[in-house]
Student: 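Provided herewith is a single structure, encoded as structure tokens, for subsequent inquiry.
Chain naming here is simple, since letters A, B, ... match the order of the sequence lines and numbering starts at 1 in each.
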2 protein chains.
Amino acid sequence: MEDHPFDPRESLVFLTIRVGKLLANHLHKQERMEGQEFPPHCMGVLVDLWTRDGIRQQDLAVSTIKDKASITRALDVLEKHNIALRIPDPNDKRTKRIYLTHKGRQLKYDLMPLADQAVAEAVQGIPEKEVATCKRVLHRMYENMNKKL
Amino acid sequence: MEDHPFDPRESLVFLTIRVGKLLANHLHKQERMEGQEFPPHCMGVLVDLWTRDGIRQQDLAVSTIKDKASITRALDVLEKHNIALRIPDPNDKRTKRIYLTHKGRQLKYDLMPLADQAVAEAVQGIPEKEVATCKRVLHRMYENMNKKL
DNA sequence: CCCGTTTGGTTTCAAGTGCAACCAAATGAG
DNA sequence: CTCATTTGGTTGCACTTGAAACCAAACGGG
């Protein structure tokens, strides 16, 4: 059994979990201040729909790292707000494909600046090159751990 | 208003949030398989107690990025399992200082290997040097966003 | 075909979370 | 000293979540 003389808070696991939480909280608060009419938990789903329009609910669950039940509920909200639509797949009556409405596509231009600003504040004073490396590493970690994709 | 031609999923915000979630899920599952008797949400609190024994609840809330109400409830569980103790501060009757029991300190040696293993799987195939940079960047982001510390 | 199995999605239930209201102790200006 | 304010912690509430049970459609070997 390996010894652990270092500070456990320095572990990549806990650092990532905590920074993720800080960023999520930050975003939620900004969205609330902007008076967004849909609840914060829909954000993650939206992000994927912006680039994967027409995706199945199941695949949304995998890429957003949520339970498929959570996707069901998020889509209920997004449909109610006319942001996304569930369209039954003609080839398989079980599956529904999710499409953004015009409003849903436009939201990208309201919300991405918030994300950009959150990043900007978070990486203040950190060399741009290192931030780029961090991003690349996180992307590969995401792929490593989400092989189901 | 800036344009956003790139994939929003590549934004540092969403990458970090998602990798954090993947890691958290992974840990929770491993803990459950190991038959840990305390619920997963106590992990974050434990991590800080390992290096900041005697800390106040309020400060725990800040460093673990949880509500102080959540800390109250996590400590109820940890006390019930004889992992931590609430000791009233002699100088200020309002505050309680949290101390680990022997069992609580020992848990580090059961749980840190799980965290190590999670990291190992996540960073497979990524140059060690880049992982180190990523860690350093995340640490600075943590400090940038949690100035209350 | 036919029926057991798998897959996509919804519903239900038991946590866990943050916010707000609250209580008790400490602080501090007048 | 006194009372309004602040601070540390707990409790109640509304909301989100994942797990499991469930239903309907598709698949697939016999």
Side-chain angles (χ1 to χ4, degrees), chain A residues 17-18 20-33 36-46 54-80 84-98 148, chain B residues 17-18 20-33 36-46 54-80 84-98 148:
Chain A
I17 292 174
R18 288 182 178 187
K21 258 175 118 175
L22 280 169
L23 286 168
N25 289 352
H26 188 88
L27 263 192
H28 295 173
K29 275 177 195 152
Q30 275 192 312
E31 284 165 26
R32 278 178 43 163
M33 288 201 313
Q36 278 306 331
E37 78 255 52
F38 67 93
H41 66 278
C42 295
M43 187 63 168
V45 177
L46 255 185
I55 194 179
R56 302 177 313 143
Q57 294 191 197
Q58 202 75 246
D59 297 329
L60 262 183
V62 173
S63 63
T64 61
I65 311 158
K66 284 179 189 297
D67 198 86
K68 58 182 182 169
S70 296
I71 299 296
T72 293
R73 291 180 288 248
L75 289 177
D76 290 344
V77 175
L78 291 178
E79 277 199 322
K80 193 170 306 178
L85 290 170
R86 280 186 251 234
I87 309 281
D89 186 313
N91 300 323
D92 186 337
K93 283 170 193 165
R94 293 170 304 175
T95 87
K96 302 171 182 175
R97 302 205 165 260
I98 312 306
K148 285 163 291 184
Chain B
I17 292 174
R18 288 183 177 186
K21 257 176 121 174
L22 280 169
L23 287 169
N25 290 352
H26 188 87
L27 264 192
H28 294 172
K29 275 175 194 153
Q30 274 191 312
E31 284 165 24
R32 278 176 45 160
M33 290 202 312
Q36 278 306 331
E37 78 254 53
F38 67 92
H41 66 279
C42 296
M43 187 64 165
V45 177
L46 255 186
I55 194 180
R56 303 177 312 144
Q57 295 191 197
Q58 201 75 244
D59 296 330
L60 262 183
V62 173
S63 62
T64 61
I65 312 157
K66 286 178 187 297
D67 197 84
K68 58 182 182 170
S70 296
I71 300 295
T72 293
R73 291 180 286 248
L75 289 177
D76 290 343
V77 175
L78 291 177
E79 276 198 322
K80 194 170 304 179
L85 289 169
R86 280 185 249 233
I87 309 283
D89 187 314
N91 299 325
D92 187 336
K93 283 171 190 163
R94 292 170 306 176
T95 87
K96 302 172 184 175
R97 301 207 165 258
I98 313 304
K148 286 164 290 183

Student: Who passes side-chain contact (heavy atoms from CB on, under 4.5 Å) against Glu79(B), sequence neighbours left out?
Tutor: Arg86(B)

Student: With the sugar-phosphate defined as primed atoms, P, OP1 and OP2, and the base as all remaining atoms, what B/S/- string results for nucleotides 12-21 of chain C, 5' to 3', for protein heavy atoms under 4.0 Å?
Tutor: B---SBBB--

Student: Given atom NZ of Lys93(B) and atom P of dA26(C), what is their separation to the nearest angstrom?
Tutor: 6 Å

Student: For Pro88(B), enumerate each residue passing the side-chain contact (heavy atoms from CB on, under 4.5 Å) test, keeping only those at least two apart in sequence or located in another chain.
Tutor: none

Student: Calculate, to the nearest 0.5 Å, the distance between atoms NZ and NZ belonging to Lys21(B) and Lys21(A) respectively.
Tutor: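 Here the rounded value is 12.5 Å.
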
Student: How long is the straight-line distance from CD1 of Ile55(B) back to CG of Leu60(B), given to the nearest 0.5 Å?
Tutor: 4.5 Å

Student: The criterion is side-chain contact (heavy atoms from CB on, under 4.5 Å); which residues satisfy it with Ala84(A), sequence neighbours excluded?
Tutor: Leu49(A), Leu78(A), Ile98(A), Leu100(A)

Student: Among residues two or more places apart or on two chains, list those pairs meeting salt bridge (charged side-chain N to carboxylate O under 4.0 Å, His left out) that have a residue in residues 64-74 of chain A.
Tutor: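 Passing the test, one end in residues 64-74 of chain A: no pairs.
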
Student: With a non-hydrogen cut-off below 4.0 angstrom, is Thr95(A) in contact with a base, only sugar-phosphate, or nothing?
Tutor: sugar-phosphate

Student: Would you classify Gln57(B) as touching base, sugar-phosphate or nothing, given that sugar-phosphate means primed atoms plus P, OP1 and OP2, and contacts are heavy atoms under 4.0 Å?
Tutor: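 It contacts sugar-phosphate atoms only.
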
Student: Using the heavy-atom set of chain A and a strict 4.0 Å cut-off, write down the first and last nucleotide of DNA chain D that makes it in, 5' to 3'.
Tutor: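 Using the under 4.0 Å cut-off, the span is dT16(D) to dA26(D).
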
Student: Answer yes or no: is there a donor N or O on one side and an acceptor on the other, between the side chain of Arg97(A) and the main chain of Pro90(A), under 3.5 Å?
Tutor: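 Checking the backbone N and O of Pro90(A) against the side chain of Arg97(A), no donor-acceptor pair under 3.5 Å is found.
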
Student: Please lay out, stage by stage, how Gln57(A) and Thr95(A) fare under the test side-chain contact (heavy atoms from CB on, under 4.5 Å).
Tutor: CA-CA 8 Å; Gln57(A) 294 191 197; Thr95(A) 87; over 6 Å; no

Student: dT7(C) P sits how many Å from Gln58(A) CD, rounded?
Tutor: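 After rounding, the reported distance stands at 9 Å.
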
Student: Using a heavy-atom cut-off of 4.0 Å across all strands, would you classify Arg86(A) as base, sugar-phosphate, or nothing?
Tutor: sugar-phosphate

Student: Starting from P on dA24(C), measure out to CG on Asp92(B) and report it in whole angstrom.
Tutor: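 Roughly 16 Å, once rounded to whole Å.
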
Student: May I have the distance from Asp89(B) (atom CG) to dA26(C) (atom C1'), rounded to whole angstrom?
Tutor: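 Rounding to the nearest Å, CG of Asp89(B) and C1' of dA26(C) are 12 Å apart.
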
